[in-house]
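Here's the structure, in structure tokens; my notes come after.
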Amino acid sequence: MFESEFERGLFDLRKAKLAEIEKLGQAAYPNQFPATHTVPEIRTTWGEAKTEELEAKRVTVSVAGRIMAIRTQGKAGFATLQQGGQRLQIYVRLDAVGDQGFALYKLLDLGDHIGVSGYLFRTRTGELTVHVERLTFLAKAMLSLPEKYHGLADVELRYRQRYVDLFTNLESREVFVKRAKVLRALRQFFDERGYLEVETPMMQQIAGGAAARPFKTHHNALDMDLFLRIAPELYLKRLVVGGLDRVYEINRNFRNEGISTQHNPEFTMLEFYQAYANYHDLMQLTEELIEFVARSVNGTAETEFNGHKIDLAQWQRLTLREAILQYWPEEGGPKPAMTAFDSAQVLQSRVQAAIISLEKAAEATGRIAPERLAELKTIREALNAVYYESMKGAPVGKSVYNLFEAVAEPFLIQPTIIYDYPVEVSPLSKAKPDDPAHVERFEFFAGGFELGNAFSELNDPVEQHKRFEQQLSERDRGDDEAHQMDEDYVRALAYGLPPTAGEGIGVDRLTMLLTGSRSIRDVILFPLMRPEKQEKPPQASGS
RNA sequence: GAGCUCGUAGCUCAGCAGGUAGAGCAACGCCCUUUUAAGGCGUGGGUCCUGGGUUCGAAUCCCAGCGAGCUCACCA
């Protein structure tokens, strides 16, 4: 618990102070405090009230909070209480609270919780303040608070000790308040449209619905291995088979993969399914949804992210192939023709030409801004990977998709829907009726990253069974992200899934966008961290 | 998994052409009845992330490890 002798000493000192406080007739750990107002209520109601108005009305309040600043001046003093994410100053003077009250005031430390009763007034400098008449001790901070001006700045400490971060950095608190608003707005949006909120298993015998490595766990009584889900998809579609035409679920997914500014091992996913709809319907719905959530959370459709102003009410829609052409780097030479996307060989040579062109451009340093040079390097490396994979025999659809990720995705700052994906990268989507090489699928992007993925669902059990078998052979070849066979899901489809469209949205990422947070860890209260030091590794029990 | 950067008091940070550690906040004592990053005087507080190495001497240089951030790769 203690970081040092300093902390141990401080703790002992605070214990002594607690004993002193008890001697004054106050409980060290009282059970409650009957506040008449919260700090935000006081600020809302009296924040603008004039000095004379407060004097005339003599507003009395009882309010509680944590002491975030304290300034003693002999026989009087100020303190700043924080509660509900807001602050309120209090003024304590000997002649108002008496000897006992003032003795208590002098025993208070930064971080302590107290309750005060008194009347509101404005100080000489105009600050709304409680003139305290009675002081009640509520709980003590036994450890010292972070530096009061900078707060807790160490990113690692902010994640590990979120409880300190939350009360010292109010911006951090604000992010999580907004996150709650995001969840509320999402639920409101779907509830109003007749979707039923459901909860499907998070422990699954077959981890399906996405391409990802799962976490494994074990049920002792049943002596059965289970996986933490990587997606709720297959269960939600079973529900549509069952006649729940519109369902949504907001819950955690778990993927046993790398961690980055956009990836946490557990993350919150919204998935929703709508019978009798296709992906065009969901494009419309998505645009409405995102704008609605933005306005509910921020009061505006505009958001600031990574130095960009993003307008979530203005969308562009491009096919995947159009996007490649539109975002084709100038320095990469002439754009490929649309027909290049139909042939692996043609595409390969176009990519090769672009790599060479980019290399030439990079040599002409001085003519290109350093930031652009870094971008070009990233693009070039990505193109190299596309080329290499293609040479190894990747299907053309896979290469087209990789090409899109290389040249377009990072530049999709403004809200963009990308649609019509190659069938090779979309095992659960339905093919376009007039173009079997492409599926009815879209993903949408903002801020340079993917926010969601949607498609018209494959509902042909025979075709689904076939695709699972293909996945099985991928598994045999060592791809541990390939789907397992889910016979029961195929059976569900065999009872008849109506034409259905479904979509998944990363709630953490949406929250990042709406709060201007660059790292997913800034929108997750307790992101996964490695243990700090290896003292005694806790004994794994029961296994 | 790879590259770059960082790790000094409870917190925020200096110190790094090698000479056994400093400031501010916080803490402790004293003064101060409208202050607000309050102020003034004084005091205490450090395995300089860990372990090796180089050196007469290491917070500083080198190596390894641990933890973190960023970028890239995989992915949502």
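Convention: sequence-line order gives letters A, B, ...; per-chain numbering from 1. Bear in mind that the values here come from a model prediction, so they are computed numbers and not experimental data.
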| said: From C-beta outward on A:Arg124, which listed nucleotide comes closest to its side chain: B:rG69, B:rA27, B:rU34? | reply: B:rU34
| task | Indicate, with a heavy-atom threshold strictly under 4.0 Å, whether A:Glu147 touches base, sugar-phosphate, or nothing. | result | base
Between protein and nucleic acid, restricted to nucleotides 43-50 of chain B and to nitrogen or oxygen atoms under 3.5 Å apart, what atom pairs and distances do you find?
none

| query | Taking atom C1' in both B:rG29 and B:rC62, what distance in whole Å separates the two? | reply | 47 Å
| task | Quick one: list whatever passes side-chain hydrogen bond (donor to acceptor under 3.5 Å, both in side chains) with A:Gln414, sequence neighbours left out. | result | none
| task | Quick one: sort the A:His483 and A:Phe468 rings into parallel, tilted or perpendicular, breaks at 30° and 60°. | result | tilted
| said: When the C1' atoms of B:rG65 and B:rA23 are compared, how many Å lie between them, rounded to an integer? | reply: 32 Å
| said: Before you tell me yes or no, could you show the steps for A:Phe272 and A:Phe190 under ring pair (Phe, Tyr, Trp, His ring centres under 6.0 Å), namely the whole-Å CA-CA distance, both residues' side-chain angles and the distance that decides it to 0.1 Å? | reply: CA-CA 9 Å; A:Phe272 60 94; A:Phe190 287 105; 4.6 Å; yes
| query | Rounding to a whole Å, what distance do you find between A:Leu145:CG and B:rA27:C1'? | reply | 12 Å
| message | Quick one, A:Phe444 with A:Tyr279, criterion ring pair (Phe, Tyr, Trp, His ring centres under 6.0 Å). Give me CA distance, side-chain angles, the key distance, then yes/no. | response | CA-CA 12 Å; A:Phe444 66 101; A:Tyr279 76 144; over 10 Å; no
| What is the base-pairing partner of B:rA27, counting Watson-Crick and G-U wobble geometry with both distances under 3.5 Å? | B:rU43
| RNA chain B contacts among residues 441-454 of chain A, heavy-atom distance under 4.0 Å | A:Glu450
| task | Side chain of A:Tyr159 only, please: which of B:rG69, B:rU12, B:rG10 is the nearest? | result | B:rG69
| task | Kindly write out the residues that satisfy side chain to side chain contact (heavy atoms under 4.5 Å, CB included) with A:Lys57, not counting sequence neighbours, or none if the list is empty. | result | A:Trp46, A:Glu53, A:Val59
| said: When you measure only distances, ignoring hydrogens and angles, does the side chain of A:Arg71 come within 3.5 Å of the base of B:rU35 through a donor and an acceptor? | reply: yes
| field | Six-ring centre of A:Phe526, A:Arg162 cation under 6.0 angstrom, axis tolerance 45° | value | no
| task | Take A:Gly506 and A:Val155, find for each the nucleotide of RNA chain B with the closest heavy atom, and name the residue whose nucleotide sits nearer the 5' end. | result | A:Val155
| message | Can you work out whether A:Phe121 or A:Lys17 has the more 5'-proximal nearest nucleotide on RNA chain B? | response | A:Lys17
| request: Just jot down the side-chain hydrogen bond (donor to acceptor under 3.5 Å, both in side chains) partners of A:Tyr235, sequence neighbours excluded, or say none. | output: none
| Between B:rU35, B:rC11, B:rG10, which nucleotide has the shortest distance from any of its atoms to the side chain of A:Glu127? | B:rU35
| task | For B:rG52 versus B:rC13, give the span between their P atoms, rounded off to a whole number of Å. | result | 30 Å
| task | Give the nucleotide from the list B:rG69, B:rC11, B:rA68 with an atom nearest to the side chain of A:Arg530. | result | B:rA68
Let me check something: any side-chain donor-acceptor pairs from residues 503-513 of chain A under 3.5 Å, sequence neighbours excluded? List them with distances.
from: A:Glu503; atom 1: OE1; to: A:Thr286; atom 2: OG1; distance (Å): 2.8
from: A:Glu503; atom 1: OE2; to: A:Thr286; atom 2: OG1; distance (Å): 2.9
from: A:Asp508; atom 1: OD1; to: A:Arg179; atom 2: NH1; distance (Å): 2.9
from: A:Asp508; atom 1: OD1; to: A:Arg179; atom 2: NH2; distance (Å): 3.0
from: A:Asp508; atom 1: OD2; to: A:Thr268; atom 2: N; distance (Å): 2.7
from: A:Arg509; atom 1: NE; to: A:Gln262; atom 2: O; distance (Å): 3.4
from: A:Arg509; atom 1: NH1; to: A:Glu450; atom 2: O; distance (Å): 2.8
from: A:Arg509; atom 1: NH2; to: A:Gln262; atom 2: O; distance (Å): 3.1
from: A:Thr511; atom 1: OG1; to: A:Val507; atom 2: O; distance (Å): 2.7

| message | Using whole Å, what does the distance between atom P of nucleotide B:rA76 and atom CZ of A:Arg213 come to? | response | 13 Å
| request: Please determine, for the side chain of A:Arg160, which listed nucleotide (B:rC70, B:rG67, B:rC11) has the closest atom? | output: B:rG67
| message | Could you work out, with salt bridge (charged side-chain N to carboxylate O under 4.0 Å, His left out) as the rule, every residue matching A:Arg317, not counting sequence neighbours? | response | A:Glu287
| query | Atom CG of A:Leu513 and atom P of B:rA76: how far apart are they, to the nearest Å? | reply | 19 Å
| remark: Rounded to whole Å, the OH-P distance (A:Tyr401 to B:rC74) equals 10 Å
| message | At 4.0 Å (heavy atoms only), tell me whether A:Met529 reaches a base, stays on the sugar-phosphate, or touches nothing. | response | sugar-phosphate
| message | Could you tell me how far apart A:Lys140 (NZ) and B:rA26 (P) are, to the nearest whole angstrom? | response | 15 Å
| Once you round it to whole Å, what is the distance between C1' of B:rA27 and CG of A:Leu110? | 10 Å
| query | When rounded to the nearest Å, what value does the distance between P atoms of B:rC6 and B:rG42 take? | reply | 37 Å
| message | Whole angstroms only, please: what is the CG-P distance between A:Leu428 and B:rA76? | response | 11 Å
| Candidates B:rC11, B:rC70, B:rG67 - which lies nearest the side chain of A:Thr261 | B:rC70
| request: Return the value, rounded to whole Å, for the distance between atom CD of A:Gln73 and atom P of B:rC30. | output: 17 Å
| query | What nucleic acid atoms does A:Thr168 come within less than 4.0 Å of, heavy atoms only: base, sugar-phosphate, or nothing? | reply | nothing
| field | From B:rA26, B:rG67, B:rC32, nucleotide with atom closest to A:Lys75 side chain | value | B:rC32
| If you check the A:Leu152 side chain, which of B:rA76, B:rU12, B:rA27 turns out closest? | B:rU12
| message | Looking at B:rC16, which nucleotide sits across from it as a Watson-Crick or G-U wobble partner, both distances under 3.5 angstrom, or is there none? | response | none
| B:rC4 pairs with, by Watson-Crick or G-U criteria that keep both distances under 3.5 Å | B:rG69
| message | With rounding to the closest Å, how many angstrom separate the C1' atoms on B:rG24 and B:rG45? | response | 15 Å
| query | Mind checking what makes side-chain hydrogen bond (donor to acceptor under 3.5 Å, both in side chains) contact with A:Thr416, not counting sequence neighbours? | reply | A:Gln316
| field | Whole-angstrom distance between B:rU50 and B:rC66, as gauged at atom C1' | value | 7 Å
| Glycosidic class, syn or anti, of B:rA23 using a 90° window around 0 | anti
| In residues 77-103 of chain A, which ones come under 4.0 Å of RNA chain B, going by heavy atoms? | A:Phe78, A:Gln89, A:Tyr91, A:Arg93, A:Asp95
| Taking the P atom of each, how far is B:rG7 from B:rA59, in whole Å? | 15 Å
| field | Span that lies between the C1' atom of B:rU20 and that of B:rC56, in whole angstrom | value | 13 Å
| Can you name the side-chain hydrogen bond (donor to acceptor under 3.5 Å, both in side chains) partners of A:Ser456, sequence neighbours left out? | A:Glu440
| message | Restricting to side chain to side chain contact (heavy atoms under 4.5 Å, CB included), what partner residues turn up for A:Arg530, sequence neighbours left out? | response | none
| Of all residues at least two apart in sequence or in a different chain, which pass the side chain to side chain contact (heavy atoms under 4.5 Å, CB included) check with A:Met202? | A:Arg229, A:Asn251, A:Arg252, A:Phe254
